[in-house]
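In what follows, a structure is listed as structure tokens, so that the remarks can point back to it.
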Amino acid sequence: MTLTLHNTLTGHKAPFVPLDPTCITLYVCGPTVYNYVHIGNARPVVAFDVLFRLLQRLYPKVIYARNITDIDDKIMKAASDAGEPISAITDRFSAAFAEDMQALHALTPTIVPHATDHVDDMIAMIETLISKGHAYEAEGHVLFAVESMPDYGKLSKRSLDDMLAGARVEVAPYKRYAGDFVLWKPSSEDQPGWDSPWGRGRPGWHIECSAMIGRHLGPVIDIHGGGQDLIFPHHENEIAQGCCAHGTEYVRYWLHNGYINIDGEKMSKSLGNFRLVRELLKRYPGEVLRFALLTAQYRSPLNFSEELLEQAASTLDSLYYALLGRDAAIVPEQGYVLPDDHPLIRALCDDLNTPEAISVLHRIAGALNRAAPEDKPRLKAELLAAGQMMGLLNAEPSSWFQRDDAGEGALSADAIDALIMARRDAKKAKDFARADAIRAELDAAGITLEDTREGTRWSRK
RNA sequence: GGCGCGGUGGCAGAGUGGUUAUGCAGCGGACUGCAACUCCGUAAACGCCGGUUCGAUUCCGACCCGCGCCUCCA
């Protein structure tokens, strides 16, 4: 099965041809850890987690790196506001990020490099850039000279003139050219800093990714992903650094996910209209959030709303119902593996067409619901395997419906079981009025009952 | 101003030069003591105007509307 990916560099979809088919390299920009992450930050994590799973299915080895940016002026401000060292802030929020992403069923990347562990690599890369004439020192800063790179702007498809025409920032006086960007900047005594050939200072925004990619994945990698807002300047500048330092290509396929919108507007920290993953997790299982993120293809904008989450929840319920079975529990066939040309793999191979993949899940679930008993084990195994490719259907079906997320004042499982026994006795005695009263009582408490041949099942609404 | 993306049924969201996904919600039916789940059936869409074509939601052009980026941002 050929994987096809939309490459921002070329602007169209093309078959994925790896540098080395025995080992795929994937890098995704991770968070700057000074706050809890919002659902918009989670989108690339989930989208590229699906890509990671798919690549692992298609190739023998995949090295996936997702960084933690733990030095940055925003972190410094947060630390200063809280009266704590930056490490207290970055430790807390990188741990929170890991927890949140685990709750979304994102696999842990092969490597999670931290910027502050790679300052030496960054300094070495900056020295290389200076020695090759692509960077210069000025007033304690080191700047990348964009004019030294003929095809600068090829990712964002902008010429230098266009960029400067629309510039809305003041140009620092020490820049030779207005478009030059910072590789290294000086730190004052009270600011975090590292010794360098240019004095005590700290790295600029873009150099960490280039340095960590060089260190862990090599000078040229297969795939680099991130949000669309990183195309310029972040990824454009990464290309400049990587290509000029190594004298090679830097990234072969650039993938960018679309934004999450709230009421038609981009969700962002600066607009203040964000929804924290941590808050959403108090109200919805992580799998519901994950499913909601996968309902749109990753490059499309995704409008985020309560309705979207409710739809995701009820759709997952129906898939889990299929796994649960109507009567006898279904034991999935052991050792089932999705074939290479399975519709789900075909859908994901088409630039991660997750909506199409979800429709495949529905087709399998429908077949499972209709199937004769002897066919059910294979179909259940197929549905589970298909779900796993997308990081979905991770829960045991019965626990999915009986999950204890109802909060304070909710009925305990024991209390529910006692009422179900009472109702069973009433039904045996043909006292349907009493049976219905118990159903109504449980319904008011948010519990739905279902009578099956195997007995009564309950689930929380 | 420059560059780019998009407008699909009540909602979400794929896709296609003709037979027009999928899900949620709706409607009818089967099943059920009643329900729920499930199954069967059903209705409903391609921003506007031209062009190409036997045929356009799909290709081309103009227009309208919305959104994004242009050194904080997933």
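Owing to the predicted nature of the structure, the values given are computational and were not obtained by experimental measurement. All values below come from the heavy atoms of this structure, side chains included, with hydrogens, waters and symmetry mates left out.
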Problem - Polar pair under 3.5 Å, donor/acceptor by atom type, side chain A:Asp436, base B:rG33 - result: yes
Handout entry: Proximity to the side chain of A:Ile260 - top-ranked nucleotide from B:rC24, B:rA74, B:rA14
Key = B:rA74
Exercise for the section: Measure from the side chain of A:Trp205, starting at C-beta and using heavy atoms only, and say which of B:rC72, B:rA74, B:rA21 lies closest. Expected result: B:rC72
Handout entry: Pairing of A:Arg283 and A:Glu310 as salt bridge, 4.0 angstrom limit
Key = no
Practice task
Identify, with sequence neighbours excluded, every residue that meets salt bridge (charged side-chain N to carboxylate O under 4.0 Å, His left out) alongside A:Asp350.
Solution key: A:Lys13
Practice task
Tell me which of A:Ala296 and A:Ile358 sits closer to the 5' end of RNA chain B, going by the nucleotide each one is nearest to.
Solution key: A:Ala296
Practice task
Please measure how far the P atom in B:rA12 lies from the corresponding atom in B:rG47, and state the result in whole Å.
Solution key: 14 Å
Exercise for the section: Would you kindly give the NE2-to-P distance between A:His235 and B:rA74, to the nearest whole Å? Expected result: 10 Å
Practice task
Determine whether any donor atom in the side chain of A:Gln311 lies under 3.5 Å from an acceptor atom in the base of B:rC11, or the reverse, and answer yes or no.
Solution key: yes
Practice task
Can you check whether any acceptor in the base of B:rC5 is under 3.5 Å from a donor in the side chain of A:Arg299, or vice versa?
Solution key: no
Exercise for the section: Could you check how far CG of A:Asn303 sits from C1' of B:rG66, rounded to whole Å? Expected result: 12 Å
Handout entry: Nearest-nucleotide pick for A:His362, side chain only, options being B:rU22, B:rC72, B:rG15
Key = B:rU22
Handout entry: Atom P, compared across B:rA44 and B:rU22: separation rounded to whole Å
Key = 15 Å
Practice task
In whole angstrom, give me the gap between the C1' atoms of B:rC48 and B:rC64.
Solution key: 7 Å
Handout entry: Partner of A:Tyr27 by ring-ring contact (aromatic ring centres under 6.0 Å, His included), out of A:His216, A:His235, A:His224
Key = A:His224
Exercise for the section: Would you kindly give the NE2-to-C1' distance between A:His224 and B:rA74, to the nearest whole Å? Expected result: 11 Å
Completion exercise
Per-nt protein contacts along nucleotides 36-45 of chain B (heavy atom under 4.0 Å; B base, S backbone sugar-phosphate only, - none) come out as BBBSS-----
Exercise for the section: Answer yes or no: does a side-chain N or O of A:Asn261 lie under 4.0 Å from OP1 or OP2 of B:rC67? Expected result: no
Handout entry: Among B:rA14, B:rU22, B:rG23, the nucleotide that comes nearest once only the side chain of A:Asn353 is considered
Key = B:rA14
Practice task
Using a strict 4.0 Å threshold on nitrogen-to-oxygen distance, state whether A:Asp351 and A:Arg299 make a salt bridge.
Solution key: yes
Completion exercise
Annotated structure of RNA chain B as dot-bracket, pair cut-off 3.5 Å, Watson-Crick or G-U only, | for inter-strand, is (((((((..(((.....[...))).(((((.......)))))....(.(((..]....))).))))))))....
Problem - Atom pair distance, as rounded to whole Å: NZ in A:Lys157 and P in B:rC3 - result: 14 Å
Practice task
Could you tell me whether A:Gln297 contacts a base, only the sugar-phosphate backbone, or nothing, with contacts defined as non-hydrogen atoms closer than 4.0 Å?
Solution key: sugar-phosphate
Practice task
Rounded off to whole Å, could you give me the OH-to-P distance for the A:Tyr259 and B:rC72 pair?
Solution key: 13 Å
Practice task
Establish, yes or no, whether a centroid distance under 6.0 Å links the rings of A:Tyr321 and A:Phe401.
Solution key: yes
Handout entry: Pairing of A:Arg278 and A:Asp100 as salt bridge, 4.0 angstrom limit
Key = yes
Handout entry: Residue A:Leu308, side-chain heavy atoms: nucleotide from B:rG33, B:rA12, B:rU71 that is nearest
Key = B:rA12
Handout entry: Test item: A:Asp431 side-chain N/O and A:Arg434 main-chain N/O as donor-acceptor pair under 3.5 Å
Key = yes
Practice task
Take atom P in B:rU16 and the same atom in B:rG7, then report the distance between them in whole Å.
Solution key: 13 Å
Exercise for the section: Can you tell me, in whole Å, how much space there is between the P of B:rG9 and that of B:rG51? Expected result: 26 Å
Handout entry: Residues from residues 62-80 of chain A lying under 4.0 Å of RNA chain B - heavy atoms
Key = A:Lys74
Problem - C1' spacing across the pair B:rC72 / B:rG1, given as an integer number of angstrom - result: 23 Å
Handout entry: Point-to-point distance, once rounded to the nearest 0.5 Å, from CG of A:Asn7 to OG1 of A:Thr4
Key = 12.0 Å
Problem - Same-atom distance (C1') from B:rC37 to B:rC5, integer angstrom - result: 42 Å
Practice task
Please determine if A:Glu382 and A:Arg378 form a salt bridge, counting it only when a charged side-chain N lies under 4.0 Å from a carboxylate O.
Solution key: yes
Handout entry: For atom CZ of A:Arg434 and atom C1' of B:rC34, their distance in whole Å
Key = 16 Å
Exercise for the section: Name all residues meeting the side-chain hydrogen bond (donor to acceptor under 3.5 Å, both in side chains) criterion together with A:Asn41; count only those two or more places apart in sequence or in a different chain, and write none if there are none. Expected result: A:His38
Problem - Touch class at under 4.0 angstrom, heavy-atom based, for A:His256 against every strand present - result: nothing
Exercise for the section: Identify whether any heavy atom of A:Gly40 sits under 4.0 Å from a base atom; if not, whether one sits that close to sugar-phosphate; answer base, sugar-phosphate or nothing. Expected result: base
Practice task
Give, for atom CG of A:Asp49 and atom OG1 of A:Thr108, the distance between the pair rounded to the nearest 0.5 Å.
Solution key: 9.5 Å
Handout entry: Ionic contact status for A:Asp443 with A:Arg439, cut-off 4.0 Å
Key = no
Exercise for the section: Under 4.0 Å between any heavy atoms, over every strand shown, what does A:Ser268 touch: base, sugar-phosphate, or nothing? Just pick one. Expected result: base
Practice task
Run the salt-bridge test on A:Lys427 and A:Asp436 with the 4.0 Å N-O cut-off and return the result as yes or no.
Solution key: no
Handout entry: Spacing between A:Tyr27 atom OH and B:rA74 atom C1', to the nearest angstrom
Key = 13 Å
Exercise for the section: Compare side-chain N and O positions of A:Ser300 against OP1 and OP2 of B:rA14 and report whether any pair is under 4.0 Å apart. Expected result: yes
Problem - Pair of N/O donor and acceptor under 3.5 Å linking B:rC67 base with A:Lys266 side chain - result: no
Practice task
Taking side chain to side chain contact (heavy atoms under 4.5 Å, CB included) as the test, write out the residues that go with A:Glu374, two or more places apart.
Solution key: A:Ala372
Problem - SB check A:Lys428 A:Asp425 (cutoff 4.0 Å) - result: no
Handout entry: Touch class at under 4.0 angstrom, heavy-atom based, for A:Leu324 against every strand present
Key = nothing
Exercise for the section: Could you check how far CG of A:Leu309 sits from C1' of B:rG23, rounded to whole Å? Expected result: 15 Å
Handout entry: Pairwise C1' distance, B:rU8 and B:rC46 [rounded to whole Å]
Key = 4 Å
